[in-house]
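To start, the structure under review is shown below, and the notes come after it.
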Amino acid sequence: MKYLLDTHLLLWAATGSARLPAEARRIIDLPETEPAVSAASLWEIAIKSGLGRTDFRIDLRLLRRRLSVHGYTELRVTGAHAAEICLLPPIHRDPFDRMLVAQARVEGITLLTADSIVARYPGPIRAL
């Protein structure tokens with residue numbers, strides 16, 4: 001099964017953080033899991049790291065290489081994803097999270113999230 005990780009789960013998984021929920025680790029480690037990362041998450045990391053957010057401080061180039069080596073598919077942002085955002089109810093204000101929800105809906109990928117607000121959106125979303 002294909003899963004799209006939200007940005008925080010991605011960072012926690014990549015850094016070995018104890019904040020990564022055990023269920024997320026279990027799902028990521030399943031042999032049948034096809035993990036995906038959104039280009040929007042990488043963009044979010046670049047922006048928030050550049051703003052000095054310590055929870056986003058990571059070498060993005062190294063992260064991309066590691067993700068590729070570990071079998072993560074990089075999901076590009078498309079016009080269809082942007083158009084899907086127009087159909088989302090105004091539950092969450094963060095544009096990066098809204099893009100992840102839109103991508104999950106358009107692509108039919110389950111979005112794994114630790115954000116209870118994101119989990120309120122309709123669509124293939126699994127809160128951990």
To the nearest 0.5 Å, what is the distance between [atom1] on [X] and [atom2] on [Y]?
X	Y	atom1	atom2	value
M99	L88	CE	CG	9.5 Å
R66	T15	CZ	OG1	8.5 Å
L10	E44	CG	CD	10.0 Å
D115	R120	CG	CZ	9.5 Å
L42	T7	CG	OG1	8.0 Å
L100	D6	CG	CG	7.0 Å

*Return the minimal non-hydrogen interatomic distance between P122 and I125, and the atom names on each side.*
O-CD1, 4.4 Å

*Give the minimum heavy-atom separation between R57 and S49, together with the two atoms involved.*
CA-OG, 4.0 Å

*Would you please test H8 and D55 for side-chain contact (heavy atoms from CB on, under 4.5 Å) and show each step?*
CA-CA 9 Å; H8 276 101; D55 53 334; 3.7 Å; yes

Strictly distance-based, threshold 3.5 Å: is any side-chain N or O of [X] a donor or acceptor partner for the main-chain N or O of [Y]?
X	Y	result
H81	T78	yes
D97	H92	no
S38	A40	yes
Q103	R76	yes
Y3	R126	no

Does the side chain of [Y] come within less than 4.5 Å of [X]'s, by heavy atoms?
X	Y	answer
W43	K48	no
F96	I47	yes
L112	L4	no
L87	R105	yes
I28	Y72	yes
I45	L11	yes
R98	Y121	yes
S41	L75	no

Going hydrophobic residue to hydrophobic residue with side-chain gaps under 4.5 angstrom, can you get from [X] over to [Y]?
X	Y	answer
L67	L30	no
V77	I85	yes
L5	L20	yes

*Please lay out, stage by stage, how L128 and T113 fare under the test side-chain contact (heavy atoms from CB on, under 4.5 Å).*
CA-CA 6 Å; L128 303 170; T113 184; over 6 Å; no

*Determine, for R25 against D29, whether the closest basic-nitrogen to carboxylate-oxygen distance falls under 4.0 angstrom.*
yes

*In a check of side-chain contact (heavy atoms from CB on, under 4.5 Å) between M1 and each of T33, T110, I109, which one passes?*
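Result for side-chain contact (heavy atoms from CB on, under 4.5 Å) with M1: T110.
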
